[in-house]
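These values consider heavy atoms only, across backbone and side chains, with no hydrogens, waters or symmetry-generated copies. Start at 1 with the first residue, then count along the sequence.
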Amino acid sequence: SANAAPGSTGTQARINTGSSIYAQVPLNRAQVLRVPGALGISEIEIRDGQIRFNSSPCPGQQCVHSGWAKRGGEFIACVPNRVSITVLGQGAGGDYYDSINF
């Protein structure tokens, strides 16, 4: 397999809304993305090679409390808002989830 070993340093992250890819972004460029989901806007921050939910319109805020992700294969989701983040490791894709369904 061309995939990097799980736990390798992430180089990119894939952001999904529902079952669609919203964006694939590098983790080496600081930015804040406002991603529209089922309930409203999830704000996602990238800084210092890491990614996290800054804020989300969900009641439990579990996605925000999950904190930063930076290793290949790490996954954070705001299930109520149907927004998810998968960190991709080095190598082809580095994706350990074929599909994410809510």
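Across every non-hydrogen atom of P36 and R34, the tightest pair is CD-O, 3.6 Å. Taking each heavy atom of G67 and I76 in turn, the nearest pair found is O-CD1, 3.6 Å. Of all heavy-atom pairs between V87 and G10, the closest is CG1-CA, 3.6 Å. Contact record, C58 with C63: SG-SG, 3.8 Å, taken as the closest heavy-atom pair.
Between I15 and L33, some side-chain heavy-atom pair lies under the 4.5 Å cut-off. Looking at heavy atoms from C-beta onward, I46 lies out of side-chain contact with V32 at the 4.5 angstrom threshold. Looking only at side-chain heavy atoms (C-beta outward), L88 and R14 come within less than 4.5 Å of each other. Counting heavy atoms from C-beta outward, V25 and Q31 have side chains that approach closer than 4.5 Å.
For N16 (side chain) and S84 (main-chain N/O), no donor-acceptor pair under 3.5 Å exists by modelled atom type. Listed for the N81 side chain is a donor-acceptor partner under 3.5 Å among the backbone atoms of A38.
Rounding to the nearest 0.5 Å places OG1 of T86 at 9.5 Å from CD of Q24. From K70, atom NZ reaches atom OG of S8 across 12.5 Å, with rounding to the nearest 0.5 Å.
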Decide side-chain contact (heavy atoms from CB on, under 4.5 Å) for V35 and T17; before the verdict, give the C-alpha distance in whole Å, the side-chain angles of both, and the deciding distance to 0.1 Å. CA-CA 8 Å; V35 180; T17 53; 3.4 Å; yes

Check against side-chain contact (heavy atoms from CB on, under 4.5 Å), I44 and I85: CA-CA 9 Å; I44 294 172; I85 300 168; 3.9 Å; yes

Distance-only criterion, 3.5 Å: show the donor-acceptor pairs between side-chain atoms of residues 48-56 and protein atoms not counting sequence neighbours.
residue	atom	partner	partner atom	Å
R52	NE	E45	OE1	3.1
R52	NE	N54	OD1	3.0
R52	NH2	E45	OE1	2.8
R52	NH2	N54	OD1	3.2
N54	ND2	E43	OE2	3.2
N54	ND2	E45	OE1	3.4
S56	OG	S42	OG	2.5

